[in-house]
Q: 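After the structure tokens below, expect a handful of questions from me.
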Amino acid sequence: MEAFLSPKDSARFIAESSQDVLVEEEGVRRVAEALFDKVSAKEFSLAGWKSLHELNPQAVSDDAVNWVFLADTLNFSFWSEHEDCKCLVKYRGKMYSGYWALCAAINRALDDGIPITSAAYYATMTLEQVRHVFRSDTDVPMPLIEERHRILKETGTILLEKFGGSFVTCVKMSEKSAQKLLRIVVENFPSYRDEATFKGKKVSFYKRAQILVADTWSSLEGKGDGCFSDISSLTIFADYRIPQVLVHLGAMRYSDELMRKLREGVMFHSGDQQEVEIRGCSIWCCGLICDHLLELYKRKGQNMSERINAVLLDYYLWDYARDHREDMKEIPIHRVRCIYY
Ligand SMILES: Nc1nc2c(c(CN[C@H]3C=C[C@H](O)[C@@H]3O)cn2[C@@H]2O[C@H](COP(=O)(O)O)[C@@H](O)[C@H]2O)c(=O)[nH]1
């Protein structure tokens, strides 16, 4: 059977023949120049994963790695039909939305003595128990709760049967290779197979699998089993926020026809040509931004390959998008209900 192109090769292929999404070379250069002084900031650092995000586990431990595995297994589709009517989770006096609502619900369950990060527990949860753990503090529930229940059972069962119930087993099997861990995840856990067919070719994005490897790297602080020698081989994670911020910053552009559909709130389906173009061009665009950033430092005699990679660029842009929601409201997200991002 024909193999899937890697996310990087998929992005190149998609960007070369994309019709409704364009990577703006001049915009890429401008974004790289604007980020030049940010590279040394904590928002662009591995340490920022913990220091900037109070809900992320702060310890270097097996529990933290299994927390990351659970969070990234459910890390998809948080957008709501109406911005002012969405799932919110209150945790320790603070309201969280979107992806952070998921993390707040996980930590709320742990505080309540529910072993939600243990595969032995989530492999056998009932739908009612899943509804309770991920309950919203508004009358808008977390989207796709039935799918989340199905994925918890499937993923938990596989982790128990093949890896002794802990994602740490997978990490150790990867022998400090990000690509090997990515392969272990995609080959063993079906819900992570974020793939499509584009103009006759089998392409992949592996958004949740790649962010799982990245978050594992961050949780282990890039040390010990998490000292991935090839972490720079990952691409950014093609979600629905990164495209929005790339268009907002002028590094990417949508055709008038696509922008009209986005503004009308048209629902796309995973694998649609325009949806694949948005995701593939986002990956390609960020790869070019990284390349240009490295080049700018190289011209100053500095090799920044340890400080600049797609993971850290992604984290920075994603957090930027979170903090500039109001500025970006003219650029609609693309709406897909799926389990991949
Ligand atoms: N590309 C990219 N996509 C990311 C993340 C994260 C969370 N990572 C955080 C954890 C540690 C890091 O420091 C990050 O701060 C979630 N998502 C995706 O966004 C969407 C949710 O958006 P909203 O509805 O606004 O919450 C949804 O598709 C989700 O899968 C990321 O980092 N990069």
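Counting from 1, the numbers follow the sequence of the chain as shown.
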Q: If you round to the nearest 0.5 Å, how far is CE of M142 from CG of L88?
A: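 One finds 10.0 Å between CG of L88 and CE of M142.
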
Q: Please determine if K201 forms a cation-pi arrangement with F13, meaning its NZ or CZ atom is less than 6.0 Å from the six-membered ring centre and no more than 45° off the ring axis.
A: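 Flagged: K201 positioned over aromatic ring of F13.
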
Q: Hey, is the main chain of F205 close enough, under 3.5 Å, to the side chain of D194 for a donor-acceptor pair?
A: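 A pair under 3.5 Å: no.
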
Q: Under the side chain to side chain donor-acceptor pair (under 3.5 Å) rule, what do N303 and S305 come out as? Steps first, then yes or no, please.
A: CA-CA 6 Å; N303 174 354; S305 57; 2.9 Å; yes

Q: Parallel, tilted or perpendicular: which fits the ring planes of W100 and H53, with parallel below 30° and perpendicular above 60°?
A: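 W100 vs H53 ring planes: parallel.
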
Q: Looking at K94 and E54, is any side-chain nitrogen of the basic one under 4.0 Å from a carboxylate oxygen of the acidic one?
A: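 Yes.
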
Q: Are L102 and I106 side-chain neighbours, meaning at least one heavy-atom pair lies under 4.5 Å?
A: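 L102 reaches I106 side chain to side chain.
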
Q: Report yes or no: does R335 contribute a side-chain atom to a donor-acceptor pair with the main-chain N or O of M267 at less than 3.5 Å?
A: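 Absent.
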
Q: Any salt bridge between R150 and E147, counting N to O under 4.0 Å?
A: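 Judged by the 4.0 Å cut-off on N to carboxylate O distance, R150 and E147 do form a salt bridge.
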
Q: How long is the gap from CG on L46 to CD1 on I231, to the nearest 0.5 Å?
A: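 It comes to 9.0 Å.
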
Q: So that I can tick it off, tell me whether D9 and R12 are bridged by a salt bridge, with the cut-off set at under 4.0 angstrom between side-chain N and carboxylate O.
A: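 A salt bridge is present here (some side-chain N lies under 4.0 Å from a carboxylate O).
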
Q: Any carboxylate oxygen within less than 4.0 angstrom of a Lys/Arg side-chain nitrogen, looking at R299 and E295?
A: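 A salt bridge is present here (some side-chain N lies under 4.0 Å from a carboxylate O).
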
Q: Could you tell me which non-hydrogen atom of I116 sits nearest to which non-hydrogen atom of A109, and how far apart they are?
A: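 Heavy-atom minimum between the residues: CG2-CB, 3.9 Å.
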
Q: Does a side-chain heavy-atom distance below 4.5 Å link Y315 with D215?
A: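 A side-chain contact exists here, since the closest heavy-atom pair is under 4.5 Å.
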
Q: Going from CD on Q210 to CD on Q179, what distance comes out if it is rounded to the nearest 0.5 angstrom?
A: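 One gets 7.0 Å once the value is rounded to the nearest 0.5 Å.
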
Q: Between F167 and L212, is any pair of side-chain heavy atoms under 4.5 Å apart?
A: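 Of all side-chain heavy-atom pairs linking L212 with F167, at least one is under 4.5 Å.
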
Q: Sort and list the pairs that fulfil salt bridge (charged side-chain N to carboxylate O under 4.0 Å, His left out) and have at least one residue in residues 222-239, not counting sequence neighbours.
A: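 Every salt bridge (charged side-chain N to carboxylate O under 4.0 Å, His left out) pair that includes a residue of residues 222-239, provided the two are not neighbours, is K172-D225, E221-K223.
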
Q: For Y96, enumerate each residue passing the ring-ring contact (aromatic ring centres under 6.0 Å, His included) test, keeping only those at least two apart in sequence or located in another chain.
A: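 Partners of Y96 by the ring-ring contact (aromatic ring centres under 6.0 Å, His included) criterion come out as none, since no residue qualifies.
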
Q: Locate the shortest heavy-atom distance separating V65 from S219; write the atom from each residue and the value.
A: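 That closest heavy-atom pairing would be N-OG, 4.2 Å.
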
Q: Any sub-3.5 Å donor-acceptor pair from S45's side-chain atoms to K42's backbone N or O?
A: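 Here the side-chain-to-backbone pair exists.
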
Q: Scan residues 122-133 for pairs that pass salt bridge (charged side-chain N to carboxylate O under 4.0 Å, His left out), counting only residues two or more places apart or in two chains.
A: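 Qualifying pairs: E128-R131, R131-E146.
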
Q: To the nearest 0.5 Å, what is the distance between CZ on R337 and CH2 on W79?
A: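 Here the rounded value is 4.0 Å.
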
Q: Can you confirm whether the side chains of S77 and Y340 place a donor and an acceptor under 3.5 Å from each other?
A: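 No, no side-chain donor-acceptor pair sits under 3.5 Å.
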
Q: Apply the test side chain to side chain donor-acceptor pair (under 3.5 Å) to residues N66 and S118: give CA-CA distance (whole Å), side-chain angles for both, the deciding distance (0.1 Å), then the verdict.
A: CA-CA 7 Å; N66 283 307; S118 156; over 6 Å; no

Q: Taking only Lys NZ, Arg NE, NH1 and NH2, and the carboxylate oxygens of Asp or Glu, determine whether R108 and D137 approach each other closer than 4.0 Å.
A: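 Yes, this pair counts.
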
Q: What residues form a ring-ring contact (aromatic ring centres under 6.0 Å, His included) with Y320, not counting sequence neighbours?
A: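 H324.
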
Q: For residues 282-292, dump all side-chain donor-acceptor pairs below 3.5 Å to protein atoms at least two apart in sequence or in another chain.
A:
residue, atom, partner, partner atom, Å
S282, OG, I278, O, 2.7

Q: Under 6.0 Å from the six-membered ring centre of Y341 and within 45° of its axis: does the NZ or CZ of R279 meet both?
A: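 Yes, R279 sits over the ring of Y341.
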
Q: In terms of side-chain heavy atoms, does Y122 have a donor or acceptor partner in T73 at a distance below 3.5 Å?
A: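 The criterion, which ignores hydrogens and geometry beyond distance, is not satisfied for T73 and Y122.
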
Q: Check step by step if side-chain contact (heavy atoms from CB on, under 4.5 Å) holds for H132 and Q129.
A: CA-CA 5 Å; H132 174 70; Q129 285 174 315; 5.6 Å; no

Q: Using a cut-off of 6.0 Å, state whether more than 12 heavy atoms not belonging to K199 lie near its atom NZ.
A: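 Enclosed: over 12 neighbouring heavy atoms sit under 6.0 Å from NZ of K199.
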
Q: Between atom CD of Q274 and atom OG of S255, what is the distance when rounded to the nearest 0.5 Å?
A: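 So the CD of Q274 and the OG of S255 are separated by 6.0 Å.
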
Q: Quick check: do I308 and L313 have side-chain heavy atoms less than 4.5 Å from each other?
A: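 Side chain of I308 against side chain of L313, heavy atoms only: no contact under 4.5 Å found.
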
Q: Which of these passes side chain to side chain donor-acceptor pair (under 3.5 Å) with W67: N56, D72, N107?
A: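 Testing W67 for a side chain to side chain donor-acceptor pair (under 3.5 Å) against N56, D72, N107 leaves exactly one candidate, N107.
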
Q: Please list all pairs meeting salt bridge (charged side-chain N to carboxylate O under 4.0 Å, His left out) that have one or both residues in residues 324-333, counting only residues at least two apart or in different chains.
A: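 Output for this query lists E326-K329.
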
Q: How about Y240 and F268: are their ring centres within less than 6.0 Å of each other?
A: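 Centroid distance Y240-F268: not below 6.0 Å, so no.
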
Q: Hey, what do you get for CG (D319) to CZ (F44), rounding to the nearest 0.5 Å?
A: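 Nearest 0.5 Å value for the CG-CZ distance: 11.5 Å.
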
